[in-house]
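Right, one structure below, let's go through it.
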Amino acid sequence: MSFFHFSLPSATSPEHILSEFKPTCIVGLIGHSRSDPSSMASIINSSLPGAQFVLSKSTSEIQCFFDGDQGILYMYVGRHDDINKLKNLQQLFETQNSHLVHHQEMIKLKHEEIKTWLWLFSVCHFVVVLHPSQSFDVEYIRLFRTTQQLLQHFAPKIKELYPETELLTTARIYRPRLLFVFQSNSASMHLPPKKGRQGFNQQCKRLGLEMETQIFHIFRKCRLLPKQASRGAQDLAHLPPPNELREPFVLFLDGKGRPSSESPSFKHVDTALYYISQLSATAPQYVQDVKEDTMTLGSFLKRNVKNLRNQVLQEKEDGVTFVPLGEWYSAAILLYSFYCHADNDANFSENGPAKIIMQLDPEGQYSENRCQKAYPVASAAYMDSLPSHYTHAIHQRQLQHALHILRSRAKGPAFSTYAAKLKEDCDAIWEDGRKGCESISLTGNACVLPLHDSARVHSNRLRMRSACSCGRSISYRSDPFTLESANHEFYMSLSDKCCSTLPQHRLFGRNQLSWMICNIGPASSYQTTMGIEQPGFLLGSQYLLPWDLPPDEAWAPEPKNAWRGKRSVRCYVGYEYECSKGHRFYCSAGGAPVKGSPANMIKENSGGNNVMSDMILYTTCPSHTNKPLLGQLMRIVVCSPEQVSLSVCLNVSYRNIRISLTAPDNVQIPGGKMTVIRLPYVYCDESDNPLPFDIEAYLCKGALIPMRSNRRRNDKK
């Protein structure tokens with residue numbers, strides 16, 4: 001017996017192939033199995049003596065078996081969805097756990113498969129589709145149509161590439177005949193037996209005829225066959241009409257690969273076949289007279305091959321030839337290189353083939369259509385309400401919003417591609433002259449100017465009302481970006497109009513934290529019934545609080561009411577807060593705003609309680625607005641009699657950071673004056689990093705320490 005095996009692709013041309021001169025029939029086998037251990041390869045091996053097909057992990061590997069005695073070359077290739085191949089891919093899917101990875105891998109296998117199909121439908125006399133169920137899978141229609149369209153697309157190019165190869169004058173060596181083999185799921189058919197048992201094989205053939213009729217009409221409806229019985233070179237394959245007297249092109253096997261009549265589980269299928277036979281009243285008379293013989297897969301194939309050879313000998317088949325295996329191989333390997341070799345993948349990346357191959361991916365096509373419709377909406381969402389220039393944070397916020405819109409409308413595997421495209425396009429829009437300055441003001445607001453160099457002053461067009469150092473005038477100030485502009489430049493710009501006429505002492509604490517002491521008049525100028533007569537104060541919040549001091553003792557911080565009943569000296573003190581709208585108000589210890597008339601608010605030593613308490617730097621402004629504003633401690637106003645001078649000791653606590661504005665020496669305030677201590681607008685740490693406007697920041701107690709006035713001591717002497 002003359003048998004040998006080989007595989008494609010092959011590094012070298014097998015000599016035993018080229019030396020074969022016997023006319024050969026080429027049979028291509030395509031199929032997948034239902035489950036282990038009954039793989040389709042084992043079913044074929046059991047039907048063809050000498051065949052040794054094995055399960056391949058690749059859909060592009062073609063296993064070949066030459067039966068020299070019969071003059072038949074069998075070529076087997078598995079399907080992309082063979083259960084055994086899916087099991088081999090299971091580990092990849094489990095490790096990556098991604099639907100996109102799963103989809104991409106399956107599409108890759110389909111692409112490899114369709115290339116193999118193009119080759120098989122170009123070089124075979126017969127293409128046999130082996131399917132692991134008893135129903136026709138419509139997925140084959142999509143594969144057949146894709147194969148047909150690609151063959152028609154590549155035909156001119158193949159003719160141009162190989163004009164001297166006689167077998168390729170029509171771009172294909174042969175136009176194959178299609179055969180179908182189904183595995184019956186007989187275990188699911190438990191019907192009551194029929195009276196008067198008919199020949200079982202005859203009923204199986206009637207079932208096959210019904211399937212042939214269905215397949216033929218499906219192919220005709222899907223335009224895989226011409227409307228008239230022509231056999232043009234551009235047709236995908238040949239299927240005989242259902243009323244021809246011919247060999248059947250459909251075979252049913254049981255789940256083990258045996259003929260249906262040998263399956264023990266078919267003992268109750270007679271009734272089902274009987275009812276099916278009633279639908280075949282118009283079938284040819286030869287079906288009723290068919291012999292009760294058993295047809296295996298091997299005999300099914302050999303009978304179809306024999307029938308074709310007889311028709312060729314009788315000249316009933318035009319254009320069908322049987323050439324020696326070596327001659328066939330020389331032409332077939334050229335087509336294999338064109339369709340299946342990796343170096344020629346560019347043939348499938350062209351616009352035409354790429355669109356045709358998309359038919360293999362209906363999920364991808366659906367996802368592509370959804371993404372194409374959603375993309376303009378998502379792109380418009382990015383542009384919605386954008387300023388002419390904006391920061392990276394705004395860009396990212398708008399991009400995430402656009403991606404959310406895309407994700408809510410677009411589905412499937414194309415989403416990641418369109419999401420990457422959306423990000424790329426949005427980045428390009430932002431980088432195309434729309435980048436904004438990334439500098440942040442000391443109050444936390446971004447500069448709104450286009451990206452610029454250090455020569456241009458930052459601006460965010462935010463303006464706040466703020467009083468001058470002495471508090472007698474109010475003006476608008478820009479949101480500061482530097483400590484210099486926050487704590488010095490603004491107050492200097494108002495100094496020429498107001499504060500410059502007053503005795504003042506400008507001081508700089510650590511890290512250029514500018515603050516100032518101004519004398520705005522004698523202590524007697526403060527009227528308790530009127531309060532501080534300056535603009536911006538909320539009604540009832542302009543009153544200083546009394547601070548009683550013992551006259552004959554060394555003044556130092558003492559417990560509350562330690563000298564009650566003694567003759568005391570009265571000072572007045574106020575801790576002034578200011579919000580961004582210019583509202584001003586005094587607060588008592590704990591941050592409660594001072595509000596009311598002099599009669600009900602001037603309590604004994606209430607100002608002293610403030611001096612002896614930590615005063616919060618930030619509190620809520622009591623103005624009636626929809627959005628509460630933050631008020632900041634900006635000034636300390638104190639009125640003391642002539643015999644009392646004050647030592648100013650300013651220390652600020654920001655959580656675990658302590659800032660001293662008066663170290664190493666305290667500043668002295670003479671008695672008999674109304675003095676304003678203007679505090680910094682923005683604080684910073686040792687590294688000049690601005691500190692946030694934090695509700696937990698405090699001006700430490702003991703900011704004012706009373707002392708005997710030197711002038712009073714000299715008068716006594």
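As the structure is a prediction and not an experimental result, all values here were calculated from the model. The chain is numbered in sequence order, starting from 1.
For the pair I114/L150, a side-chain contact is recorded, criterion being any heavy-atom separation below 4.5 Å from C-beta on. I141 has its side chain within reach of F136: a pair of non-hydrogen atoms, C-beta onward, lies under 4.5 Å apart. Looking only at side-chain heavy atoms (C-beta outward), V27 and H125 stay at 4.5 Å or farther from each other. Taking the side chain as every heavy atom from C-beta outward, V323 and Y174 approach each other to under 4.5 Å. Using a 4.5 Å cut-off on side-chain heavy atoms (C-beta onward), N304 and L308 make no contact. Taking 4.5 Å as the limit, some side-chain heavy atom of R175 sits within range of a side-chain heavy atom of R172. Looking at heavy atoms from C-beta onward, F300 lies in side-chain contact with V181 at the 4.5 angstrom threshold. At a threshold of 4.5 Å between non-hydrogen side-chain atoms, the residues L178 and F249 do not count as touching.
S337 places no side-chain N or O within 3.5 Å of a backbone atom of L334 that could act as its donor or acceptor partner. Remark: side-chain polar atoms of S367 are paired, donor with acceptor, to backbone N or O of K411 under 3.5 angstrom. Judged by distance alone, with hydrogens and angles left aside, the side-chain atoms of T24 form a donor-acceptor pair with the main-chain N or O of K22 at under 3.5 Å. Judged by distance alone, the side chain of W328 and the main-chain N or O of V123 form a donor-acceptor pair under 3.5 Å. Here the side chain of S349 pairs a donor or acceptor atom with the backbone of A346 at under 3.5 angstrom. Within the 3.5 Å criterion, the main-chain N or O of Q183 finds no donor-acceptor partner in the side chain of Q134. Looking only at distances, no side-chain donor or acceptor of R409 sits under 3.5 Å from a matching main-chain atom of C371. Side chain of T147 to main chain of L143: a donor-acceptor pair is present (N/O by atom type, distance under 3.5 Å, no hydrogens or angles). A donor-acceptor contact shorter than 3.5 Å links the side chain of T296 to the backbone of S299. Using modelled atom types, one side-chain atom of E212 and one backbone atom of V250 make a donor-acceptor pair closer than 3.5 Å.
Within the cation-pi definition used here (under 6.0 Å to the ring centroid, within 45° of the axis), R407 does not qualify as a partner of F415.
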Practice item. Kindly determine whether Y140 and F219 satisfy ring-ring contact (aromatic ring centres under 6.0 Å, His included), including the steps that lead there. Key: CA-CA 10 Å; Y140 283 115; F219 272 55; 9.5 Å; no
Point to revise | F65 and M75: CA distance, side-chain angles, deciding distance, side-chain contact (heavy atoms from CB on, under 4.5 Å) verdict | key: CA-CA 6 Å; F65 164 62; M75 299 185 296; over 6 Å; no
Practice item. Please assess H111 against I357 for the test side-chain contact (heavy atoms from CB on, under 4.5 Å), listing each intermediate value before the final yes or no. Key: CA-CA 8 Å; H111 287 182; I357 291 179; 3.0 Å; yes
Check your understanding: Step by step, would you call Y74 with Q63 a side-chain hydrogen bond (donor to acceptor under 3.5 Å, both in side chains)?
Key -> CA-CA 8 Å; Y74 298 97; Q63 302 176 56; over 6 Å; no
Check your understanding: Should Q398 and C426 be marked as a side-chain contact (heavy atoms from CB on, under 4.5 Å) after you check the CA-CA gap, both sets of side-chain angles, and the distance that decides it?
Key -> CA-CA 9 Å; Q398 290 294 105; C426 292; over 6 Å; no
Exercise for review: Might you work through the side-chain contact (heavy atoms from CB on, under 4.5 Å) test for I30 and Y76, ending with a clear yes or no?
Suggested key: CA-CA 6 Å; I30 300 173; Y76 170 68; over 6 Å; no
Point to revise | Evaluation steps, ring-ring contact (aromatic ring centres under 6.0 Å, His included), between F66 and F6 | key: CA-CA 9 Å; F66 179 66; F6 62 96; 8.4 Å; no
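For the atom pair CG of L167 and OG of S330, the computed distance is 9.0 Å after rounding to the nearest 0.5 Å. Atoms OG and CG, from S122 and L151 in turn, are 4.5 Å apart once rounded to the nearest 0.5 Å. Taken to the nearest 0.5 Å, the OG1 atom of T213 stands 11.0 Å off from the CD1 atom of I218. Within the model, atoms CG of L8 and SG of C340 stand 8.5 Å from one another, a figure rounded to the nearest 0.5 Å. Going from atom CG of L179 over to atom CG of L251 covers 9.5 Å, rounded to the nearest 0.5 Å. In this structure, OH on Y366 lies 13.5 Å from CG on D361, to the nearest 0.5 angstrom.
With E247 as the fixed residue, the salt bridge (Lys or Arg N to Asp or Glu O under 4.0 Å) test singles out one of K302, R177, K306, R303: R303.
Aromatic rings of F144 and W117 (six-membered ring for Trp) have centroids within the 6.0 Å cut-off, being under it. Under the 6.0 Å cut-off for aromatic ring centres, Y339 and W119 do not qualify, their centroids lying 6.0 Å or more apart. Here the two rings, on Y162 and F338, have centers that are 6.0 Å apart or farther.
Contact between A237 and F121 at its shortest, heavy atoms only, is CB-CE2, 4.1 Å. Between L360 and T146, the shortest heavy-atom distance links the atoms CD2-OG1, 3.7 Å. Annotation for K159 and L168: closest pair CG-O, 4.4 Å, computed over non-hydrogen atoms. The two residues Q148 and L224 make their nearest non-hydrogen contact at OE1-CD2, 3.6 Å. When all heavy atoms of V127 and P176 are compared, the closest pair comes out as CG2-CB, 3.7 Å. The shortest heavy-atom contact between I62 and Y336 is CD1-CE1, 3.7 Å.
Under a cut-off of 6.0 angstrom, the local environment of CD in E166 is sparse, with at most 12 non-hydrogen atoms contributed by other residues, nucleotides or ligands. For CD of E160, the number of neighbouring non-hydrogen atoms (other residues, nucleotides, ligands) closer than 6.0 Å is 12 at most. Counted within 6.0 Å of NZ on K157, heavy atoms from surrounding residues, nucleotides or ligands total more than 12; the atom is thus considered enclosed.
A donor-acceptor contact closer than 3.5 angstrom is absent between the side chains of Q365 and Q359.
Legend: salt bridge (Lys or Arg N to Asp or Glu O under 4.0 Å) pairs involving residues 115-135, not counting sequence neighbours, sorted by first then second residue: K115-D345.
Looking at E139 and R142, a side-chain N of the basic residue comes within less than 4.0 Å of a carboxylate O on the acidic one, giving a salt bridge.
Every residue two or more places apart in sequence or in another chain that forms a side chain to side chain donor-acceptor pair (under 3.5 Å) with K423 is listed here: D427. Applying the side chain to side chain donor-acceptor pair (under 3.5 Å) rule to Q52 yields no partners; only residues at least two apart in sequence or on another chain are considered.
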